[in-house]
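Because the structure is a prediction, the values reported are computed rather than measured. Order of appearance sets the numbers: ligands from 1, and atoms from 1 within every ligand.
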Amino acid sequence: MLAGGAALALSQSLPADAEAAYGDIPPLKSVTPYPLGVATSATKVSDPAWSALAARQFSRLTAEWEMKMEYVLQADGSLKLDRADKMVAFARRNGMTVHGHTLIWYAQDGEYFQKLSAKPDAFLNAYVDYIAGVMGRYKGVIPSWDVVNEPIWNDGRGLRPCLWQKVLGDDYIGLALEAAHRADPQALLFINDYNLELTPKKRATFLKLIETLLKNGAPLHGIGTQTHIDAGITPGLIRSAIADIASLGLKVHISELDISLREDHPTPVAQPRIDQVRTLNELLEAYQDVPANQRYGLTMWALRDSDSWLNTPQGGKSLIPDEPVLFDRLGRPKPLAQAFVNAVK
Ligand code: XIL
């Protein structure tokens, strides 16, 4: 403990001009021709170092966890939106927009819904009420939502089984979109998933689902591709994914970008930092080729490396320190941030 604390104190007392070691960058939000988002928890918005950097560099905010059902929905069905309010207020004070994340997710259902699972009618009412309650509070304030998150099995074999599907059937997605559209007819509604570049079969199943939803008239306006990727991902996979996703004509959100440097990958990466820049370049170039009106924006899934879920046990990964985002733990723009600026220009 002591040794770790001492090391941290030492590095935090680096001379003020240590930034020069990396070089300075223009505010990233000023170089992207689309909104640039960052994910956060509510605690960080009251940390002066975090909030000054986030407001200077980013134009959109996503809640990393505290707008999800696990936090919001109480056992009695009431909604706890205190932390969501706090993040929304921070964003508004700083001229940032908010992307809502997320209403319906296989990974989170909650005691309230589990208890209703034998009563499909009551369950459906509660489902619609939940969506209306959360979205309704931010009507006219939060312009877009991930309505359904991660609906497809990882290997692409079809829809993931979950409580929503068990009680409401496969159309739980269409029902959620309709409820969301009724709750805020102006809001842009997204469906969001991951590994769409890594696993082309998953992407194909996901895009087929979207085509079916659209054919059935579902109010769906955008596709989120999370883009939690490894630096050493095979060249070309990201480019084909972005092109395929964009081919449906909906808005495309690069919704949770981080590029992991971890070296305990199935295939170890020889030059992790070089690969990380190459991978970022491929992504930014591919996104640049998407028609401007379809580019909903790009969201980084943390501000500083030390904020990243990949450096917590929740990331589902080991505690080998990772450096997946653009700023280091002292808030300095890394060479990756410089590469970002160069690639966007
Ligand atoms: C993660 C957050 O980063 C963690 O802080 C939280 O504990 C669990 O969820 N796909 C998603 C995100 O859609 O919501 C997940 O975020 C990362 C994977």
> Relative to the heavy atoms of N149, which atoms of ligand 1 are at a distance of less than 4.0 Å?
Replying inline: 11 (C), 13 (O)
> Any side-chain heavy atom of E150 within less than 4.5 Å of one from F206?
Replying inline: no
Below the 3.5 angstrom mark, is there an N/O of [X], backbone or side chain, next to an N/O of ligand 1?
{"X": "N192", "result": "no"}
{"X": "W105", "result": "no"}
{"X": "W65", "result": "no"}

>> Checking contacts here: is it the side chain or the backbone of W301 that comes within 4.0 Å of ligand 1, counting heavy atoms only? Could be both or neither.
In response: side chain
> Quick one: do the H253 and T299 side chains pair a donor with an acceptor below 3.5 Å?
Replying inline: yes
> Can you tell which of K68, E150, H101 gets a heavy atom nearest to atom 10 (N) of ligand 1?
Replying inline: E150
> Which pairs with one or both residues in residues 24-50 pass ring-ring contact (aromatic ring centres under 6.0 Å, His included), sequence neighbours excluded?
Replying inline: Y34-Y287, W50-F90
>> Cation-pi check for Y106 against R160: NZ or CZ below 6.0 Å from the six-membered ring centre and within 45 degrees of the axis, yes or no?
In response: yes
> How far does CG of L196 sit from NZ of K201, to the nearest 0.5 angstrom?
Replying inline: 14.5 Å
